[in-house]
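Model, not experiment: these values are computed from the prediction. In listed order, ligands and their atoms are each counted from 1.
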Amino acid sequence: MKKIVILGGGFGGLYVATELEKCLAADRDVEVTLVNRENFFLFTPMLHEVAASDLDLSNIVNPVRKLLRRVHFFAADVEAADVVRKKVTVSHGTDHHHHELDYDYLVIALGSITNFFNLPGLEERALTMKSLGDAIHLRNRLIAFLEEADTECASEVRQPLMTFVVAGGGFAGVETIAGINDFVREALKFYPNLSRDVVRMVLVHPGQVILPELGEKLGSYAQKKLAARGVEIRVNTKVTGVSDAAVELSDGTMIRAKTLVWTAGTSPNMLLAKLPCKKDRGRLHVNEYLEVTDWPGVWALGDCANVPDLTTGQYCPPTAQHALREGKVVAQNIAAEIRGGKKKAFSFATIGQLAAIGRRTGVARILGVNFSGFIAWFLWRTIYLSKLPRFEKKLRVALDWTLDLLFTKDLVQFETFRARTVSHEETAFMEELTGVEVQPRTKASVA
Ligand SMILES: Cc1cc2nc3c(=O)[nH]c(=O)nc-3n(C[C@H](O)[C@H](O)[C@H](O)COP(=O)(O)OP(=O)(O)OC[C@H]3O[C@@H](n4cnc5c(N)ncnc54)[C@H](O)[C@@H]3O)c2cc1C
């Protein structure tokens, strides 16, 4: 029995698993296990739509078990990988107990993590936009602050409550500010004490123009559109710190704000640091077959690997479109190793890049051609909808988008705390008052 263990069930890891199901469908003597922290696959390009209440939160995630048939799935945390002993340590369960998984082939697709560059106050206070939890958290924050700012007693803090700063003018930052700007401004009509002038949205970007990957023309277009909708864009500026009272910028400006969303830095997963493998800026060094240099049988891809780009001579950018294609090549190459076939070099030129910038407008560069406005937004929706796995989720997203044309965005918070229960004092008080002993069932119904 040959054992393949895949670490990470994002774009890279999931596509390795699905392709292995195809390539090795006839091989009963191969066992494939996918380990991922969450039991779902997150479609990150639509994350900002959850934060901005455009989509229901479960519509952009797919249960891994519904995507795979033959591959075993293990919902667990990867704690360590020992590439000398060919063992991976994982923990799971409420008590976080450990297991060791043996492997013959190891695939590392653990993605990246947010990097705050040790800037003061960021780790404790900044929100991030990487996980489903991050998007829900941001959405809850927007609604909680709208509720608080609308009250009479909040007049002193109304301005900082209604000021939202997003750091980073890349895809994640621009789509996030565009989405939350539309959401908050649209919600104002339900909050009688809040006017348009009290809302302040600031996008802080270190470069000259936002969305540098799309070129100056589209970046300037996006900047103009966002500015016209009330987003303040601070180019050539960086966030240098955040406190409870304000966000500090590199030009000395202090913005009185209670929300900072940080999308301005990532680092490879910290687990990689412990591996004795060659790395470039923390990412695993792989050859054109996506095999980790000097470690036969270990493969790496996606955001945690430095994949040589045979079309440009540089390295592949950390995008979903690269990770999923790398996944297919890794699976085919592992199958070739097992069956003694020829390995395939990874070669892929970016087809296009798209960003939704709110109010049915977008920017896109596809095969070198620039698109902007409604057409780019339509392309964004059509292309990403087609990429979202499973028909059920596609249908749910399409329905959400259609209903969005008829109804306003939802303002319900997704709170996850436990419902109130009866305290000892309250039980005693009720018993004293009524003279009757409170039964457990009564106690529950009072709660
Ligand atoms: C907000 C946002 C928007 C984006 N939009 C686009 C876009 O429009 N187009 C595009 O091409 N790219 C986009 N990207 C980039 C794209 O999401 C990444 O390049 C892609 O996800 C990389 O795939 P990956 O498999 O390397 O990592 P990921 O997809 O991040 O997967 C890593 C997986 O490993 C798991 N994991 C990590 N550590 C552990 C551990 N210790 N134990 C267990 N599991 C672990 C994670 O939970 C995750 O499931 C976006 C990214 C973000 C954050």
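Heavy atoms from other residues, nucleotides or ligands lying under 6.0 Å from CD of E392 number more than 12.
Under the 3.5 Å distance criterion, the side-chain polar atoms of N287 are matched with a main-chain donor or acceptor of L290.
With sequence neighbours excluded, the residues that form a side chain to side chain donor-acceptor pair (under 3.5 Å) with R283 are N306. When the side chain to side chain donor-acceptor pair (under 3.5 Å) test is applied to N115, the partners found at least two apart in sequence or on another chain are S267. F348 meets the ring-ring contact (aromatic ring centres under 6.0 Å, His included) test with H322; sequence neighbours excluded.
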Between ligand 1 and the protein, find all N/O pairs closer than 3.5 Å and give the distance for each.
residue  : atom   : partner : partner atom : Å
ligand 1 : 8 (O)  : Y384    : OH           : 2.9
ligand 1 : 9 (N)  : Y384    : OH           : 3.1
ligand 1 : 11 (O) : A320    : N            : 2.9
ligand 1 : 11 (O) : Q321    : N            : 3.4
ligand 1 : 12 (N) : A320    : N            : 3.1
ligand 1 : 17 (O) : T44     : OG1          : 2.5
ligand 1 : 19 (O) : D303    : OD1          : 2.9
ligand 1 : 19 (O) : D303    : OD2          : 3.3
ligand 1 : 19 (O) : P318    : O            : 3.1
ligand 1 : 19 (O) : T319    : N            : 3.4
ligand 1 : 19 (O) : A320    : N            : 3.3
ligand 1 : 25 (O) : F11     : N            : 3.3
ligand 1 : 25 (O) : G12     : N            : 2.7
ligand 1 : 26 (O) : D303    : N            : 2.8
ligand 1 : 29 (O) : F11     : N            : 3.3
ligand 1 : 38 (N) : N269    : ND2          : 3.0
ligand 1 : 41 (N) : R37     : NH2          : 3.1
ligand 1 : 41 (N) : V78     : O            : 3.2
ligand 1 : 42 (N) : V78     : N            : 2.8
ligand 1 : 44 (N) : R37     : N            : 3.1
ligand 1 : 47 (O) : E38     : OE1          : 2.7
ligand 1 : 47 (O) : E38     : OE2          : 3.2
ligand 1 : 49 (O) : N36     : OD1          : 2.9
ligand 1 : 49 (O) : N36     : ND2          : 3.4

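Here the side chains of Q321 and T350 are in contact, with some heavy-atom distance below 4.5 Å.
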